[in-house]
J.: 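Structure below; questions to follow.
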Amino acid sequence: MELEDGRFELREIQKLEGHTDRVWSLAWNPVTGVAGIPYVFASCSGDKTVRIWEQSPSTASWECKAVLEDTHTRTVRSCAWSPSGKLLATGSFDATTAIWENVGGDYECVSTLEGHENEVKSVSWNASGTLLATCARDKTVWIWEGEQGNEFDCVAVLQGHTQDVKMVQWHPTMDILFSCSYDNTIKVWADEGGDDDWACVQTLGEPNNCAGFLVSGHSSTVWALSFNHSGDKMVTCSDDLTLKIWGVDTISAQSANGYAPWRHLCTISGYHDRTIFSVHWSREDIIASGAADDAIRFFVENKDKDGLVDGPLYKLLMKEEKAHDMDVNSVQWSPGEKRLLASASDDGTIKIWELAPVSC
């Protein structure tokens, strides 16, 4: 059954409580949920802690397996697992990034990365797990390279944004870094010289012409971005109440040492009436968005569009109006076989959802 032809319902599987302040971000361990390995994800909060949650194989219920505390002294804003699932990076308003290692079920802080002047807003690992990107309210993006013994060396400090950088995200297959900011733009960064000579190769912002493509950007803060499974499309979300879809010619990118210009494909608007804080693209090409209107929306490409329309169109698959009691700060699709979504909110809770077809 094609997604756009089906009828779906969003089932709330479980509400997880334990954080004593707003929950800012979620991250699923990428090597869980397959081959009998129980699902695991991390959550981080204004209560200065990170919680590790695991699904019980016997009861299928979710339990808090660890609380990572006494390391960060302020809000923990972002968390991300390395591709191997062995390391967890956490970024905090205390201006540091902590690296945690799972050692026999116990999580140890094995490294603390310092350098940002103030609040770290986002952390992201590249596809190989060799590079970690961080960004902060100090308007900079830092790239760290992992060394032996869990040491990390800063190989680049990227300056170009004129305001607070809200999120960093590596491309899923190439060492191309994307950052989005309070300055309304998304910047694309690449190592042009192959020797840690990182530079901004494109800015997706206010309307401008780049490499022959008219780039139509957001008109307010860009909060988050996510790539589709193949990496040839990207979705961004903003304070301007829109989602924007961007595309790239991956064949050209691979032949051009990993970079080809991104272009605006379409804008999804009219579905959220307050700031869209989070967006995530699933393996099955379902886009989930969470916003300050307490709602979660799901979108799929409309493949039945009029042939006269140039470019893709997306339609609403379904919506959950009161997903939480307060702002939805993060929505994240799970790895593995199941169509699970985790959401985090200002109400201090995390919810696990399953998007399931409605049986006739």
Side-chain angles (χ1 to χ4, degrees), residues 1-19 21-28 41 43-46 53 61-62 166-167 218-226 235-245 266-302 304 313-334 338-360:
M1 178 176 64
E2 293 292 334
L3 286 169
E4 65 269 22
D5 298 328
R7 293 175 57 236
F8 288 82
E9 62 178 346
L10 190 64
R11 301 172 184 165
E12 183 180 323
I13 303 299
Q14 193 173 343
K15 180 166 74 171
L16 307 180
E17 298 176 306
H19 283 296
D21 202 329
R22 69 185 64 185
V23 186
W24 277 109
S25 184
L26 301 164
W28 294 84
F41 72 88
S43 61
C44 58
S45 168
W53 306 87
S61 64
W62 295 82
K166 296 295 187 185
M167 186 179 190
H218 286 288
S219 60
S220 191
T221 302
V222 187
W223 278 90
L225 64 95
S226 178
V235 59
T236 56
C237 65
S238 171
D239 186 51
D240 65 14
L241 313 186
T242 71
L243 303 168
K244 287 184 180 288
I245 308 295
C266 69
T267 297
I268 304 171
S269 62
Y271 295 100
H272 287 288
D273 56 18
R274 293 188 65 190
T275 301
I276 308 171
F277 288 127
S278 181
V279 64
H280 199 219
W281 208 319
S282 80
R283 300 180 310 279
E284 298 178 293
D285 280 338
I286 305 173
I287 297 171
S289 60
D293 56 12
D294 312 339
I296 298 174
R297 298 283 189 270
F298 298 89
F299 303 93
V300 291
E301 186 173 353
N302 183 2
D304 297 327
L313 288 177
Y314 287 78
K315 69 177 185 179
L316 183 71
L317 178 68
M318 70 162 298
K319 57 188 177 180
E320 187 72 16
E321 291 290 0
K322 292 294 293 183
H324 284 273
D325 294 333
M326 298 175 72
D327 296 5
V328 180
N329 294 320
S330 181
V331 287
Q332 293 289 311
W333 291 104
S334 70
K338 295 182 180 179
R339 196 182 286 131
L340 298 178
L341 182 85
S343 61
S345 170
D346 272 7
D347 65 17
T349 71
I350 300 151
K351 290 188 178 182
I352 307 296
W353 311 84
E354 182 178 12
L355 186 63
V358 177
S359 55
C360 298

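Residue numbers count from 1 along this sequence.
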J.: Quick one: closest heavy-atom pair of Val331 and Ser343, and the distance?
T.: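 So the minimum-distance heavy-atom pair works out to CG1-CB, 4.1 Å.
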J.: For the residue pair Ala291 and Arg274, what are the closest heavy atoms and their distance?
T.: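 Shortest heavy-atom contact: CB-O, 3.9 Å.
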J.: Could you list the residues that satisfy side chain to side chain contact (heavy atoms under 4.5 Å, CB included) with Arg283, not counting sequence neighbours?
T.: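 Partners of Arg283 under the side chain to side chain contact (heavy atoms under 4.5 Å, CB included) test: His229.
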J.: CG of Leu243 to CH2 of Trp281: how many Å apart, nearest 0.5 Å?
T.: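 Nearest 0.5 Å value for the CG-CH2 distance: 10.0 Å.
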J.: What residues, two or more places apart in sequence or in another chain, satisfy ring pair (Phe, Tyr, Trp, His ring centres under 6.0 Å) together with Tyr314?
T.: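 So Tyr314 forms no ring pair (Phe, Tyr, Trp, His ring centres under 6.0 Å) with any residue.
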J.: Name all residues meeting the salt bridge (Lys or Arg N to Asp or Glu O under 4.0 Å) criterion together with Asp346; count only those two or more places apart in sequence or in a different chain, and write none if there are none.
T.: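 Listed in chain order: Arg22.
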J.: Step by step, work out the side-chain hydrogen bond (donor to acceptor under 3.5 Å, both in side chains) result for Ser220 and Asp239.
T.: CA-CA 5 Å; Ser220 191; Asp239 186 51; 2.8 Å; yes
J.: Nearest 0.5 Å, what's the CG-CG distance between Asn302 and Leu316?
T.: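 Rounded to the nearest 0.5 Å, the CG-CG separation comes to 11.5 Å.
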J.: His324 vs Trp353 aromatic rings, parallel, tilted or perpendicular, using cut-offs 30° and 60°?
T.: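 The arrangement is perpendicular - the two ring planes meet at more than 60°.
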J.: Going by salt bridge (charged side-chain N to carboxylate O under 4.0 Å, His left out), Lys322 matches just one of Asp347, Asp294, Asp293. Which one?
T.: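 When Asp347, Asp294, Asp293 are each tested with Lys322, the salt bridge (charged side-chain N to carboxylate O under 4.0 Å, His left out) holds only for Asp294.
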J.: Check side chain to side chain contact (heavy atoms under 4.5 Å, CB included) between Lys15 and all other residues, then give those that pass, not counting sequence neighbours.
T.: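 Here the qualifying residues are Glu12, Glu17, Thr349, Lys351.
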J.: Can you check whether Ile287 reaches Val279 side chain to side chain, under 4.5 Å on heavy atoms?
T.: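 Result yes, sub-4.5 Å side-chain heavy-atom pair found.
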J.: So, using side chain to side chain contact (heavy atoms under 4.5 Å, CB included) as the criterion, who are the partners of Ser45 when residues are at least two apart?
T.: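 Side chain to side chain contact (heavy atoms under 4.5 Å, CB included) list for Ser45, sorted by chain: His19, Asp21, Asp47.
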J.: Any chance you could measure Gln332, atom CD, to Ser43, atom OG, to the nearest 0.5 Å?
T.: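 Those atoms lie 12.0 Å apart.
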J.: Please report the interatomic distance CD1(Ile352) to OG(Ser61), rounded to the nearest 0.5 Å.
T.: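 Between atom CD1 of Ile352 and atom OG of Ser61 there are 11.5 Å.
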J.: Applying side chain to side chain contact (heavy atoms under 4.5 Å, CB included), can you list everything that pairs with Ser334, at least two apart in sequence or on another chain?
T.: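 For Ser334 the side chain to side chain contact (heavy atoms under 4.5 Å, CB included) partners, ignoring immediate neighbours, are Trp28, Tyr39, Leu340.
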J.: Using a 4.5 Å cut-off on heavy atoms from C-beta on, say whether the side chain of Leu355 contacts that of Leu341.
T.: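 No, their side chains stay 4.5 Å or more apart.
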J.: Quick one: CZ on Phe277 to NZ on Lys166, what's the gap to the nearest 0.5 Å?
T.: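 Between atom CZ of Phe277 and atom NZ of Lys166 there are 8.5 Å.
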J.: Between Ala224 and Ser278, what is the shortest heavy-atom contact and its length?
T.: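 That closest heavy-atom pairing would be CB-CA, 4.2 Å.
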J.: Can you give me the closest heavy-atom contact between Leu16 and Trp62, atom names plus distance?
T.: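 In terms of heavy atoms, the two residues are closest at CD2-CB, 3.6 Å.
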J.: So do the side chains of Phe299 and Tyr271 get within less than 4.5 Å of each other, counting heavy atoms only?
T.: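 Yes - at least one pair of side-chain heavy atoms lies under 4.5 Å apart.
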J.: So which atom in Arg339 and which in Ala356 form the shortest heavy-atom distance, rounded to 0.1 Å?
T.: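 Residues Arg339 and Ala356, closest heavy atoms: NH1-CA, 4.5 Å.
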J.: Considering non-hydrogen atoms only, spot the tightest contact between Thr242 and Ser269 and give its length.
T.: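 Shortest heavy-atom separation between Thr242 and Ser269 comes out as CG2-CB, 3.8 Å.
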